[in-house]
Enquirer: 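Attaching a single structure in structure tokens format; questions to follow.
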Amino acid sequence: MNDLPNGLEYELARQGVTRRDFLKFCSAMAATLVLPTRYIEQIANALATVKRPPLVWLEFQDCAGCSEAFLRASRPSVGDLVLDTLSVNYHETIMAPAGKAATKSLEDTVKEGGYLVVVEGSIPTKENGIYCTIGGRTALDIATEVCKKAAATITVGACAFYGGWPSAVPNPTGAVGVKDAVPGITLINLPGCPPNPVNITATVVHYLTFGSLPATDQFGRPLFAYGQRIHDNCERRAHYDAGEFVEEWGDEHHRAGWCLYKMGCKGPATFHNCPTVRYNEGTSWPIGAGHGCVGCSEIGFWDTMSPFYRRLPNVPYLGVEADADKVGAVIAGGVAGAFALHGIASAIRARKQPIARHETDGVTAEGKEGS
Amino acid sequence: MPKLAIDPITRIEGHLRLEVQVDGGKVTDAWSSSTMFRGMELVLKGRDPRDAWLFAQRI
């Protein structure tokens with residue numbers, strides 16, 4: 001176990017972070033975790049005193065985009081410092097040792113036990129897993145050993161969640177996520193492409209404060225981050241309800257910030273806290289920047305949500321006269337329908353290649369694009 | 001003289017293995033292998049071309 005000889009507050013002070021900044025961070029974490037304010041003090045006390053477990057970060061079939069998202073905060077935040085004080089014993093993209101010296105760091109940590117493991121990237125299963133090897137061992141072999149002996153496994157990104165784009169039709173390497181490659185482990189999934197670093201930080205803070213992983217949905221995603229639909233928290237939702245849609249990229253309504261649903265936005269079928277947490281220190285997020293949501297936190301989104309510029313089928317448009325309850329009821333039904341249709345479309349696609357993508361819906365907005 | 005293998009190479013994006021033949025303290029031959037394959041070209045085949053950038057930027 002690694003602990004701070006002088007305590008977290010000393011370390012933070014040494015790096016120019018005041019007690020006030022630290023408490024602001026703790027209250028932001030409590031807010032992200034959807035905890036009442038009385039937990040702020042508990043979080044602060046825990047972070048200041050708890051023994052920090054070692055952490056290993058495994059990369060398999062990945063693009064390092066999740067690592068980039070996590071490491072490249074626009075400025076060093078209190079969160080970075082809190083997590084810096086975790087002992088990151090293995091992370092190929094940033095660690096100094098290479099070859100056998102690197103592998104030894106991982107082996108030593110696994111031997112000692114009690115560590116957290118973060119997994120980025122999918123795990124190939126075809127041909128006994130030869131499509132990804134590290135130090136001569138397959139990703140499947142490494143994940144099985146390291147995740148089974150860990151205190152908890154945190155997957156980051158769509159690939160480690162369900163296989164990501166490597167598993168998209170026709171899935172050339174038999175790529176799967178950790179939940180399928182190593183069943184039966186203590187696991188939490190933080191999908192997204194990339195996931196929001198705030199949610200990664202909050203999950204670790206929850207673990208350090210309460211000694212357990214946060215409550216999850218049926219896909220193992222924490223409810224604090226994946227419990228609400230993008231569409232319901234979207235800043236452009238009023239335009240949707242008023243029937244004000246962007247019809248063409250760059251038109252006056254696009255410039256005015258109207259709803260992107262007809263341009264293919266998948267917000268009505270996607271659960272994630274992007275609209276409230278945002279990215280890059282809360283600066284913006286995809287819909288805020290004028291592009292539709294692609295549904296990156298959902299299982300199979302590379303197949304079920306694509307073509308990304310095709311409008312979701314069967315999300316009913318309701319005029320301003322509908323009341324909130326009616327909107328809610330119809331939307332819930334519409335989303336279930338949209339998922340069913342996408343499921344069928346994707347099953348058809350899986351059977352026949354090359355892909356014929358427009359079997360199930362003839363949507364007027366599509367015709368305008370000439371696709 | 002031995003053939004040395006350095007795997008993983010760290011501080012890069014991606015997975016790389018180097019093997020070097022050392023004779024008399026000098027490297028006389030070397031081989032590099034990329035030890036991860038996903039098949040992006042195969043995944044892109046037949047898709048809507050407007051979606052290509054989303055896949056390709058995640059190489």
Side-chain angles (χ1 to χ4, degrees), chain A residues 59-65 67-68 90-103 121-122 124 130-137 139 157-159 164-173 175 193-194 264 294 296 302-303 306-310 349 353-358 369 371, chain B:
Chain A
E59 291 174 78
F60 298 130
Q61 285 179 304
D62 73 320
C63 69
S67 288
E68 291 281 347
Y90 187 85
H91 188 315
E92 284 158 30
T93 306
I94 56 172
M95 71 193 300
K100 280 183 181 153
T103 310
S122 53
I130 58 157
Y131 290 111
C132 180
T133 65
I134 299 154
R137 295 175 71 192
C159 300
W165 77 253
S167 75
V169 173
N171 194 355
T173 61
C193 196
V294 297
C296 71
W302 289 104
D303 291 314
S306 65
F308 293 114
Y309 299 101
R310 181 183 63 179
R349 255 180 252 145
Q353 286 283 328
I355 301 162
R357 280 175 182 273
H358 299 276
E369 296 159 335
S371 57
Chain B
M1 287 293 283
K3 193 168 165 186
L4 302 176
I6 309 167
D7 178 11
I9 301 288
T10 54
R11 283 167 287 155
I12 55 161
E13 195 288 299
H15 299 279
L16 183 68
R17 174 187 179 93
L18 284 181
E19 289 173 60
V20 289
Q21 182 73 48
V22 184
D23 286 314
K26 285 188 177 169
V27 174
T28 55
D29 210 346
W31 300 263
S32 69
S33 349
S34 175
T35 62
M36 188 272 278
F37 174 80
R38 289 165 294 181
M40 179 174 277
E41 295 84 351
L42 302 170
V43 172
L44 276 171
K45 237 181 199 174
R47 287 181 190 267
D48 189 319
R50 293 171 301 170
D51 291 350
W53 69 270
L54 285 131
F55 287 85
Q57 70 174 195
R58 287 162 169 87
I59 190 75

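For clarity, every value in this text was computed on a predicted model and none was experimentally measured. Chain A is the first sequence line, chain B the second, and so forth, proteins listed ahead of strands; every chain is numbered from 1.
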Enquirer: With the side chain counted from C-beta on, respond yes when A/P172 and B/E41 share a heavy-atom pair under 4.5 Å apart, and no when they do not.
Expert: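 Of all side-chain heavy-atom pairs linking B/E41 with A/P172, none is under 4.5 Å.
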Enquirer: Would B/D51 and A/S306 satisfy side chain to side chain donor-acceptor pair (under 3.5 Å), going step by step from the backbone distance to the final call?
Expert: CA-CA 8 Å; B/D51 291 350; A/S306 65; 4.5 Å; no
Enquirer: Could you look at B/L54 and say if it's the side chain, the backbone, both or neither that has a heavy atom under 4.5 Å from chain A?
Expert: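 Backbone plus side chain of B/L54, per the 4.5 Å heavy-atom cut-off to chain A.
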Enquirer: Side chains of A/T133 and B/H15, heavy atoms from C-beta outward: is any pair under 4.5 Å?
Expert: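 Not in contact.
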Enquirer: Between A/D303 (side chain only) and A/V169 (backbone N and O only), is there a donor and an acceptor less than 3.5 Å apart?
Expert: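 Looks like yes, one N/O pair under 3.5 Å.
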Enquirer: Answer with side chain, backbone, both or neither: which region of A/I94 has an atom nearer than 4.5 Å to a non-hydrogen atom of chain B?
Expert: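 Only the backbone of A/I94 comes within 4.5 Å of chain B.
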Enquirer: Heavy-atom distance under 4.5 Å to chain B: side chain of A/A175, backbone, both or neither?
Expert: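 Nothing of A/A175, per the 4.5 Å heavy-atom cut-off to chain B.
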Enquirer: At a 4.5 Å cut-off on heavy atoms, which part of A/C159 comes close to chain B: side chain, backbone, both, or neither?
Expert: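 A/C159 has no heavy atom closer than 4.5 Å to chain B.
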Enquirer: Counting C-beta onward and ignoring hydrogens, is there a side-chain heavy-atom pair between A/Y90 and A/M95 closer than 4.5 Å?
Expert: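 SC-SC contact between A/Y90 and A/M95 confirmed.
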Enquirer: Would you please classify the geometry between the B/F37 ring and the A/Y131 ring as parallel, tilted or perpendicular, with 30° and 60° separating the classes?
Expert: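 It falls in the tilted class, 30° to 60°.
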Enquirer: Which one of B/I6, B/T10, B/I9 has the most heavy-atom pairs closer than 4.5 Å to chain A?
Expert: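 Result: the option with the highest number of such pairs is B/T10.
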Enquirer: Between B/R58 and chain A, with a heavy-atom cut-off of 4.5 Å, which part of the residue counts as in contact: side chain, backbone, both or neither?
Expert: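 Both backbone and side chain of B/R58 come within 4.5 Å of chain A.
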Enquirer: Let's test your reading of the structure: which of B/P8, B/A5, B/G39 forms the most heavy-atom pairs below 4.5 Å with chain A?
Expert: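 When all of B/P8, B/A5, B/G39 are compared, B/P8 has the most.
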Enquirer: May I ask you to name which of A/G65, A/A64, A/G135 has the most heavy-atom pairs under 4.5 Å with chain B?
Expert: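 Of A/G65, A/A64, A/G135, A/G135 has the most heavy-atom pairs under 4.5 Å with chain B.
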Enquirer: Is any side-chain heavy atom of A/S122 less than 4.5 Å from a side-chain heavy atom of A/S167?
Expert: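 Of all side-chain heavy-atom pairs linking A/S167 with A/S122, none is under 4.5 Å.
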Enquirer: Please determine, among A/A96, A/P194, A/A101, the option with the most heavy-atom pairs under 4.5 Å with chain B.
Expert: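 When all of A/A96, A/P194, A/A101 are compared, A/A96 has the most.
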